[in-house]
Structures are given as C-alpha cells and as structure tokens.
Amino acid sequence: MTQVRVRPRRLSPEEVRERLGRPDAMVEAKILDRIDEHFRRFIAHSPFLSLATADAAGRADCSPRGDYPGFVKVLDEHTLAMPDRPGNKIADSFRNLAENDGVGLCFLIPGVREMLRVNGSAYVTDEPDVLARMHTEGREAVLALVIEVEQAYFHCGRALVRSRLWDPASQALADEMPSAGELITSQLGWDVEPKVVDEGLEDAYHSLY
C-alpha cells in the first residue's frame, strides 16, 4: 500500500503577520548596521557560532563553527573575519557563497542566555594580513571568511531558557544517544566495532589543539 504524503497547510506572509502581530518599536530599534562596543566584546568572548548560507536556488545550509573565544576577529565596525579550521572538506558554505553571498551568524557564549545575531554578506579570502590574525597555537588558517555586516543585534534568551542548554542536568540527555561510533558504523554499514571508531574520533579531536 502506497503511503500518501500529507503536507501541512502553508500560511501566507500576511497570515503569519496577522497571527504574530507587530514587533515593539524597541525591538526594531535595537537592530544596528555595525559592530558596536557591546557586540565587539561579545564576539571576543564567543567560542561558538552557527553560520547560515544558501545557494542560488535558496537551498539553505547551517554550519557549526568553533574555536578559542574570540576566534572571529573584528576588522572594523562593519567587517568581521573568521578562520576556516580543519573540517569535513565538503565546503558547503563556500560553495553556497559562490552563488549567493548572503550569510547569517548566531554567536553563543557558554552560560550567557542572550545570543548575538549578525546578518550580511560574505566572501572567502587568503589575504596574508587577515590570515595572520587567525594564528592559534602554531596553527595557521589557509582561508578566512570575511563578513560584511548589515545587521547586528542581541537576541533574547527565551530559546536557551526553554531548552535549558546551559543547565548541567541537561547533559544527561547525551546518555540517551548512541555514540558517534555506533551511529557511523550503522549508517555506513561498517563491520567494525563502534568502540574502535570512537577511539579514533577522540584521537582526531585531541589533535586539533
């Protein structure tokens, strides 16, 4: 028996706005077109962000980025630079940026409820002066992402409060998940002990620093 795909009803932008209402004037006023001193300090303390891109057709991708606090550099009040650290080499973000230079970033600081959102455009560079600022413990960045800031603002902490992301008790949820080795061997059909894969991953993670 063929299962019929059921898609939930799609709302129009007008219907969505009618349901949500209008944002307060203060909410709209907090959106700046530059990196001020408060945003600069937040970025200097942030060890993690998510990077959103999309290709020419609008197919979206969201990529995690992390390093020591302050790994993203403020070049000036309208420009950020982020190193490209070793990853899976699929380069989804770079491929998207070649077609569509729009980006969205969401910065997090462990223990802080509020987030910093930055929207704008971006491109890849190998400019030596920029890469020199990405140098960390003997490791050099081969490429960097330059972000030209169009919007920057603090996002309220409701999502982090509801998710209890920084609550140590929430880490117990990890015990409910299979290990990375178990996931990989199952999805790829490998005839390998998951423990071997897990140990290899741990060695790879430790080699990053």
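In this structure, the side chains of D55 and N100 stay at 4.5 Å or more apart for every pair of heavy atoms. Side-chain contact between R40 and I35: present, with at least one pair of heavy atoms (C-beta onward) separated by less than 4.5 Å. Taking 4.5 Å as the limit, every side-chain heavy atom of L75 sits out of range of all side-chain heavy atoms of L80. Under the 4.5 Å side-chain criterion, counting only non-hydrogen atoms from C-beta, L97 is in contact with V103. A heavy-atom distance below 4.5 Å is found between the side chains of N119 and Y153. Counting heavy atoms from C-beta outward, L165 and S170 have side chains that stay 4.5 Å or more apart.
Side-chain contact, T79 with D76: a donor N or O sits under 3.5 Å from an acceptor N or O.
Shown here for P47 and I109, the closest heavy-atom pair between the two residues is CD-CA, 4.3 Å. Here the closest heavy-atom approach between residue T185 and residue P194 is recorded as OG1-CG, 3.8 Å. In plain terms, the two heavy atoms of L160 and V112 that are nearest each other are CD1-O, 3.5 Å. For the pair M115 and C156, the tightest heavy-atom approach, listed with the atom from each and the gap, is CE-O, 3.5 Å. In plain terms, the two heavy atoms of V118 and A152 that are nearest each other are CG2-CB, 4.3 Å.
Taking CD1 of I184 as the reference point, atom CH2 of W190 lies at 6.0 Å (rounded to 0.5 Å). How far CG of L105 is from OG of S63: 10.0 Å, rounded to the nearest 0.5 Å. Rounding to the nearest 0.5 Å gives a distance of 12.0 Å between OG of S12 and CZ of R17. Residue D126 holds its CG atom at 12.0 Å from CG of D84, rounded to the nearest 0.5 Å. Taken to the nearest 0.5 Å, the CH2 atom of W166 stands 10.5 Å off from the CD atom of Q171. To the nearest 0.5 Å, atom CD1 of residue I147 and atom OH of residue Y123 are 10.0 Å apart.
At distances below 3.5 Å, not a single donor-acceptor pair connects side-chain atoms of S46 with backbone N or O atoms of F42. Of the possible polar contacts, none joining the S186 side chain to the E182 backbone as a donor-acceptor pair under 3.5 Å is found.
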side-chain contact (heavy atoms from CB on, under 4.5 Å) between L51 and M82, intermediate numbers included: CA-CA 11 Å; L51 169 69; M82 178 172 62; 4.0 Å; yes
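L145 and M134 are not part of a single hydrophobic cluster, where members link through side-chain heavy atoms under 4.5 Å apart. When the side chains of ILVMFWY residues are joined at heavy-atom separations under 4.5 Å, either directly or via intervening members, V149 and L32 end up in a single hydrophobic cluster. No chain of hydrophobic side-chain contacts below 4.5 Å, direct or via other Ile, Leu, Val, Met, Phe, Trp or Tyr residues, connects L49 to V130. Under a hydrophobic clustering in which Ile, Leu, Val, Met, Phe, Trp and Tyr are joined whenever their side-chain heavy atoms come within less than 4.5 Å, directly or via other members, V72 and Y68 fall into different clusters. Residues L20 and V27 fall into different hydrophobic clusters, defined by Ile, Leu, Val, Met, Phe, Trp and Tyr side chains chained together at heavy-atom separations under 4.5 Å.
The neighbour count for R95 CZ, taken as heavy atoms of other residues, nucleotides or ligands under 6.0 Å away, is above 12. No more than 12 heavy atoms of other residues, nucleotides or ligands lie within 6.0 Å of CD in E193, so this atom counts as exposed by the packing criterion. Open room surrounds CG on D191; 12 or fewer heavy atoms of other groups in view lie less than 6.0 Å from it.
Within the structure, no pair that satisfies the side-chain hydrogen bond (donor to acceptor under 3.5 Å, both in side chains) test touches residues 22-35, not counting sequence neighbours. Applying the ring pair (Phe, Tyr, Trp, His ring centres under 6.0 Å) rule to pairs touching residues 18-39 yields F39-F154, sequence neighbours excluded.
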